[in-house]
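Note that ligands are numbered from 1 as they come in the structure, with each ligand's atoms numbered from 1 the same way. Numbers here simply count residues along the sequence, with the first being 1.
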Amino acid sequence: MFLKDILFPKFCLGCGYLGIYICPKCLKKLKPVEKDVCPYCNRPSFFGLTHPGCQKTSRLDGLVSIFYYDDFLKKVIKSIKYRLATDVWNDFCRIIKPESLHKISRFRSLSTEFFLQPIPLHPSRLKERGFNQARLIACFFQNYTGYPLADFLKRIRATAAQAQLKTGKNRYHNIIGAFKVTTPVQGKKIILIDDVATTGATIKEAARALKQAGAKAVYALVVARG
Ligand SMILES: [Zn+2]
Ligand SMILES: [Zn+2]
């Protein structure tokens, strides 16, 4: 047993059961996304690809989600904030089932040359939180996919937390112009990584910045979809 396990014992994030972050009973409550949808019209779409009719200049090419962001997962993700968060995210990623990982491996059929780009935090937010959860998740997917991690994007504007803004329109105005591409991305294929996408406004804005800088394709992969 490690000292940190004595000082910070593990409790199930769903029910408080001692010794594990997600107990087997709560694991069953997580609902994997079986049918992905187009990120722009929310109608079914194979692998979450943007329908050709929904594709316009500088849009995301597709969004793949692993779990539904239901009340249970909201509780889990919220309670992660109060734990040793880096540890918890590492454990949480480990419980992603092989079927979902199989889904992620479909990216290989699109290209073998993707870069994984975590949605960056603004430096002030990063300092406050101490880590970027999107980066931890991207590290997990890197081990699984073998795609390199990228650092093409910076967050140049501190924005209000998207979750506190009620409407999609507010979320869009909050995030517009928040990202800057700081490394040449001409012709590159990129998968954006984040923990949660509800309206997807943050991811879409990041995709817009990358495409306008010349990225060839921009997909997104999120742990939870609202
Ligand atoms: Zn539990
Ligand atoms: Zn569509």
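Relative to the six-membered ring of Tyr147, Arg108 meets both conditions, a distance below 6.0 Å and an angle of at most 45° to the axis. A cation-pi arrangement, defined by a distance under 6.0 Å to the six-membered ring centre and an angle within 45 degrees of its axis, is absent between Lys31 and Phe72. Remark: Arg225 is not positioned above the aromatic ring of Tyr68, lacking an NZ or CZ atom under 6.0 angstrom from the ring centre and at most 45 degrees off the axis.
Its N, O or S atom nearest to the Zn ion (ligand 2) is what matters here, and for His51 that atom is ND1.
Between Cys38 atom SG and Cys54 atom SG, the angle centred on the Zn ion (ligand 2) amounts to 120° (nearest 10°). If you put the vertex on the Zn ion (ligand 1), SG of Cys15 and SG of Cys12 sit 110° apart, to the nearest 10°.
For Tyr219 (side chain) and Leu60 (main-chain N/O), no donor-acceptor pair under 3.5 Å exists by modelled atom type.
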